Visitor: 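This structure is in structure tokens; I'll ask about it shortly.
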Amino acid sequence: MTDNSAKPFSFRFHGSSFDNMVETLGGAFGAFDAEPIGRAKDFHWGLDFSVADSAVLLTGYHEAEFQFNIEPTGSTAEYLSLVVPRRGGMGVTYGARKAEAGQGKLLLYNNFEPDSVLMHGQGNVIDELLINWPVILQTIGQTFEMPFSGSLDLLPELDLSTPVGRTIGNLTETIISGMRDDGPLLQSPIAMAHMTQALADLVVRMVPHRLSHFLEKGPALIAPRHVRRAIEFMQANIDQPITMPKVAEAAGVSSRALETGFRAFKGTSPAAYLLMLRLRAARQDLLDPESKETMKAICLKRGFFHFGRFSAVYRATYGEYPSDTRKRVSRR
């Protein structure tokens with residue numbers, strides 16, 4: 001994954017001032033704070049961007065080392081970055097922990113988490129494939145069928161000599177190649193969405209993180225009848241203000257037995273599971289390009305009677321507001 005032929009003049013955005021580079025990056029990523037390591041009188045740099053609905057490809061070049069941090073703001077997009085070093089390297093720090101991309105290693109990190117980032121090596125050239133965090137959250141929801149928030153605690157370094165590393169690395173390279181220079185993936189949104197989803201699924205299933213122990217249990221045990229009855233009742237009444245005692249009654253068990261069953265076989269509470277079902281159904285409505293329903297109508301149909309709360313919970317689950325999902329679909 002090393003390419004020593006990259007040339008700075010091939011970049012669409014370039015300059016010879018460190019401050020100018022910071023200004024350009026700040027405009028793209030928000031509150032960007034950086035400083036050079038050593039003297040930076042003639043700081044030559046180059047940047048290129050390729051943008052799709054589900055991902056962004058960022059290619060950067062610089063002659064001298066520097067470090068930076070990005071302070072997330074309300075408008076800062078959250079993403080999972082897969083860093084492929086072509087020349088030089090890149091490292092991130094989380095308190096006392098450090099992780100680095102380099103020869104034979106892929107770096108993965110959520111842009112909201114590192115305390116600082118170091119770009120090192122002379123004539124450094126880095127590709128970053130930025131996967132929209134909502135894609136990761138949706139994959140987590142589909143894989144584990146449980147609500148999720150907070151840090152995924154993803155293993156940040158991936159050895160490219162391992163089978164998992166080679167598989168994820170090869171798919172990452174394929175997507176990068178297909179996006180670069182207005183490549184074919186940018187002309188085929190459906191193919192781009194499928195490949196991004198495949199990459200997200202590989203990362204969630206193959207790279208160790210805080211939920212991996214659920215995968216290590218092997219195929220899920222078949223839930224007992226009362227849990228299945230409860231889920232069927234939830235799905236049939238998803239547009240109603242049902243309570244957990246009502247769900248327990250429909251399932252033919254006590255509220256305590258219902259709670260125990262969901263904890264054991266679904267890894268979450270029945271109330272949280274119902275919320276996940278409602279959110280998933282609402283998201284499917286929002287992602288339907290043929291739907292003419294208003295946001296309010298979708299909320300009511302899926303059992304959300306307070307739009308403000310729905311919007312906040314939706315963003316916490318999928319990393320974007322409902323209006324962002326609708327706008328993204330309408331642009332296609």
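In this text, all values refer to a predicted model and were calculated from it rather than measured experimentally. Just the heavy atoms: all of them, side chains too, but no hydrogens, waters or symmetry mates, feed the values below.
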Visitor: For Glu157, I'd like to know if atom CD has over 12 heavy atoms of other residues, nucleotides or ligands within 6.0 Å.
Guide: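 Atom CD in Glu157 is packed in, count exceeds 12.
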Visitor: Less than 4.0 Å between a side-chain N and a carboxylate O, is that true for Arg278 and Asp239?
Guide: no
Visitor: Would you kindly check if the NZ (Lys) or CZ (Arg) of Arg283 is within the cone defined by 45 degrees around the ring axis of Tyr318 and under 6.0 Å from the six-membered ring centre?
Guide: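 Yes - Arg283 lies over the ring of Tyr318, closer than 6.0 Å to its centre and within 45° of its axis.
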Visitor: Apart from Leu300 itself, which Ile, Leu, Val, Met, Phe, Trp or Tyr residues share its cluster (side-chain heavy atoms under 4.5 Å, direct or through members)?
Guide: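 When side chains under 4.5 Å apart are linked, the cluster holding Leu300 also contains Phe305.
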Visitor: Can you tell whether the side chains of Arg263 and Glu259 come within less than 4.0 Å, N to carboxylate O?
Guide: yes
Visitor: Looking at Glu320, is its backbone amide N or carbonyl O close enough to the side chain of Asp324 to form a donor-acceptor pair, meaning the two atoms are under 3.5 Å apart?
Guide: no
Visitor: Between atom CE of Met276 and atom OG of Ser269, what is the distance when rounded to the nearest 0.5 Å?
Guide: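 Reported to 0.5 Å precision, the distance equals 11.0 Å.
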Visitor: Can you see which heavy atom on Gln187 is nearest to which on Asp182, and at what distance?
Guide: NE2-O, 3.4 Å
Visitor: What closest approach, in Å, do Ala34 and Phe68 show between heavy atoms, and which atom pair accounts for it?
Guide: CB-CB, 3.5 Å
Visitor: Pick out which of Arg302, Arg326, Arg280 makes a salt bridge (Lys or Arg N to Asp or Glu O under 4.0 Å) with Asp285.
Guide: Arg302
Visitor: Treat each ILVMFWY residue as a node, draw an edge where side-chain heavy atoms are under 4.5 Å apart, and state whether Leu107 and Phe112 are in one component.
Guide: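 No, Leu107 and Phe112 fall in different hydrophobic clusters.
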Visitor: For a quick test of reading the model, state the closest non-hydrogen atom pair linking Leu137 to Ala316 and the distance between them.
Guide: CD1-O, 4.3 Å
Visitor: Tell me the closest heavy-atom pair linking Leu185 and Met192, and the distance in Å.
Guide: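 Closest heavy-atom pair between Leu185 and Met192: O-CB, 3.6 Å.
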Visitor: Applying side chain to side chain contact (heavy atoms under 4.5 Å, CB included) to Leu158 and Lys105, what does each step give before you reach the verdict?
Guide: CA-CA 6 Å; Leu158 192 59; Lys105 286 194 302 183; over 6 Å; no
Visitor: Would you say that more than 12 heavy atoms from the other residues, nucleotides or ligands in this model lie under 6.0 Å from the CZ of Arg210, or not?
Guide: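 Atom CZ in Arg210 is packed in, count exceeds 12.
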Visitor: Please report the closest heavy-atom contact between Asn111 and Ala77, naming both atoms and the distance.
Guide: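 Looking at all heavy atoms of both residues, the shortest contact is ND2-O, 3.0 Å.
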Visitor: Pair His62, Phe66 - check ring pair (Phe, Tyr, Trp, His ring centres under 6.0 Å), show working.
Guide: CA-CA 9 Å; His62 60 89; Phe66 69 97; 4.9 Å; yes
